[in-house]
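These notes concern the structure reproduced below.
Side chains are part of it too, since the values below use all heavy atoms of this structure and drop only hydrogens, waters and symmetry mates. Indexing begins at 1, ligand by ligand and atom by atom, following the structure's order.
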Amino acid sequence: MKITFPHLGYCSIPLRSLFADLGHEVIVPPPITRKTISLGTRYGPEFACYPLKLGLGNFIEALELGADTLVMGGGIGPCRFGYYAQVQRDILLSLGYEFKMLVVEPPLGHAGEFLAVLREVLEEKSWFDLARAAQLAVVKLGACDDIQRASLKLRPLVQDKLAFSRLYQQTLMEIDEAGKVRDVRLAKNTALTAMEAIPRLNYKPPKVALVGEVYLIAEPAANLRIEERLGNMGVEVCRHVWISQWLRVNIFLDFLRLHRQEKAEKLAQPYLQCFVGGHGQHSVGETRKAIQEGIDGVIHVYPFTCTPEIVARGIMQKLAAQEGMPLACFSMDEHSGEAGFQTRLEAFVDILGTRSKEMNSYS
Ligand code: SF4
């Protein structure tokens with residue numbers, strides 16, 4: 001098979017490793033650019049969620065490079081994610097592409113379909129081969145998350161932001177190329193030591209909780225590199241969604257039926273009792289958590305027309321107003337422009353600075 005998948009931040013690193021170790025040719029779509037966005041928006045429905053359009057653009061670019069098998073996540077609602085794969089498949093077929101689409105359904109309640117996709121990907125390989133390939137992929141994903149976590153903490157403090165960015169990119173490349181678990185760990189540990197060694201400013205950065213829809217949080221091309229921008233402005237970002245943690249809960253624990261209510265879901269309960277799709281409940285819960293933990297501000301990012309996050313936004317605005325918590329909401333799509341975005345972020349960071357000065361003068 002010539003396998004491809006849509007981008008989701010650095011997830012192409014573990015996915016490439018997984019499918020290549022199972023003996024497939026992997027065609028990673030080119031990085032998301034204006035061309036990807038215009039392909040997705042030209043052929044995707046106007047009011048479809050932004051991630052659907054970007055994924056469609058990724059698929060078109062990968063099919064043009066020779067991919068013949070598309071791997072896509074499935075879902076069961078209540079929001080639109082469950083329809084993504086079907087809509088994308090119909091659009092691509094209508095454009096004349098020939099391919100097979102493998103939809104990975106959530107294992108809880110769909111164990112048979114989940115296992116059927118795994119069997120198809122395995123072809124001649126054994127379950128043991130899958131376990132070995134999955135182990136390396138999971139270690140790579142965890143290493144990427146660790147590097148990103150360190151980057152969120154250290155970027156606001158380091159003096160040479162350019163050198164820091166180069167080190168970050170170089171480390172991701174090394175993790176991508178590593179063929180063994182120990183090589184991944186070596187690349188990660190060397191990078192963490194090098195990051196710690198970069199000279200720092202003597203400064204206590206304000207902290208911002210970044211909450212919202214998972215794709216918008218994890219894909220820098222969709223969120224206009226919000227984490228990097230905030231880090232360069234001297235702000236520490238506390239992110240609530242990590243893909244390795246999301247996989248652990250939604251794939252492994254779901255599959256073993258061990259999934260328990262998460263802390264953010266519990267915190268959201270007094271305001272939002274039911275699952276509204278996506279990360280709507282988490283966004284509310286994480287806002288409460290940020291208030292309880294004394295975080296300086298909350299930034300909410302979500303795709304334009306994303307129903308779960310629109311539900312969450314109303315509650316978050318009320319909570320933030322009650323508690324005096326600065327909150328900025330960014331609804332993003334193909335029309336989001338960098339200049340306006342940067343200006344709004346800078347204004348928000350100014351508010352954080354003014355607020356912390358006021359708080360210090362009262363204490
Ligand atoms: S969470 Fe929002 S953006 Fe994602 S599929 Fe659901 S409605 Fe669309």
Side-chain angles (χ1 to χ4, degrees), residues 5-9 11 32 36-37 40-41 43-59 70-92 101 103-106 108-110 209-224 226 239-243 245-247 249-251 254 259 262 264-265 268 271-287 298-317 328-336 341:
F5 37 77
H7 276 296
L8 177 60
C11 287
I32 297 174
T36 322
I37 298 173
T41 50
Y43 299 114
E46 187 185 354
F47 284 104
C49 315
Y50 193 32
L52 180 145
K53 297 178 195 169
L54 292 181
L56 183 63
N58 290 150
F59 282 147
L70 316 183
V71 177
M72 182 61 197
I76 45 164
C79 80
R80 294 176 280 182
F81 184 69
Y83 296 114
Y84 272 28
Q86 286 74 13
V87 173
Q88 288 170 333
R89 182 175 53 205
D90 288 354
I91 294 170
L92 294 169
M101 190 168 230
V103 183
V104 185
E105 296 293 348
L108 189 64
H110 297 81
L210 181 64
V211 306
E213 194 265 346
V214 60
Y215 184 91
L216 255 283
I217 289 190
E219 177 48 63
N223 65 32
L224 301 176
I226 189 169
R239 206 210 253 197
H240 80 108
V241 187
W242 293 97
I243 305 294
Q245 174 201 350
W246 185 89
L247 270 184
V249 172
N250 293 283
I251 302 289
D254 263 8
H259 185 166
E262 291 171 68
E265 290 168 326
Y271 303 91
L272 192 56
Q273 289 81 22
C274 60
F275 176 61
V276 289
H279 278 79
Q281 249 184 331
H282 284 78
S283 295
V284 173
E286 291 294 334
T287 303
V298 175
I299 295 186
H300 184 211
V301 288
Y302 59 95
F304 179 58
T305 77
C306 172
T307 324
E309 298 300 336
I310 292 169
V311 171
R313 177 179 166 159
I315 301 169
M316 290 164 65
Q317 282 175 322
C329 299
F330 293 96
S331 146
M332 323 273 291
D333 68 2
E334 60 273 21
H335 302 295
S336 302
F341 183 64

Checklist entry - Would you say Glu46 has more than 12 foreign heavy atoms packed within less than 6.0 Å of its CD? => result no
Interatomic distance, CZ@Arg313 vs OG@Ser331, rounded to 0.5 Å, equals 7.5 Å
Notebook entry, point to check: Under 3.5 Å, is there a donor-acceptor pair linking the side chains of Thr305 and Arg80?
Noted result: yes
Between His7 and Glu219: side-chain donor-acceptor atoms closer than 3.5 Å: no
TODO: May I ask you to decide if the ring planes of Phe47 and Phe304 are parallel, tilted or perpendicular, using 30° and 60° as cut-offs?
DONE: tilted
For the side chain of Glu286 and the backbone of Ala264, is there at least one donor-acceptor N/O pair under 3.5 Å apart? no
Sorted by chain and number, protein N/O/S atoms nearer to atom 2 (Fe) of ligand 1 than 2.8 Å are Cys306 SG
Near Tyr84 (heavy-atom distance under 4.0 Å), the atoms of ligand 1 are 3 (S), 4 (Fe), 5 (S), 8 (Fe)
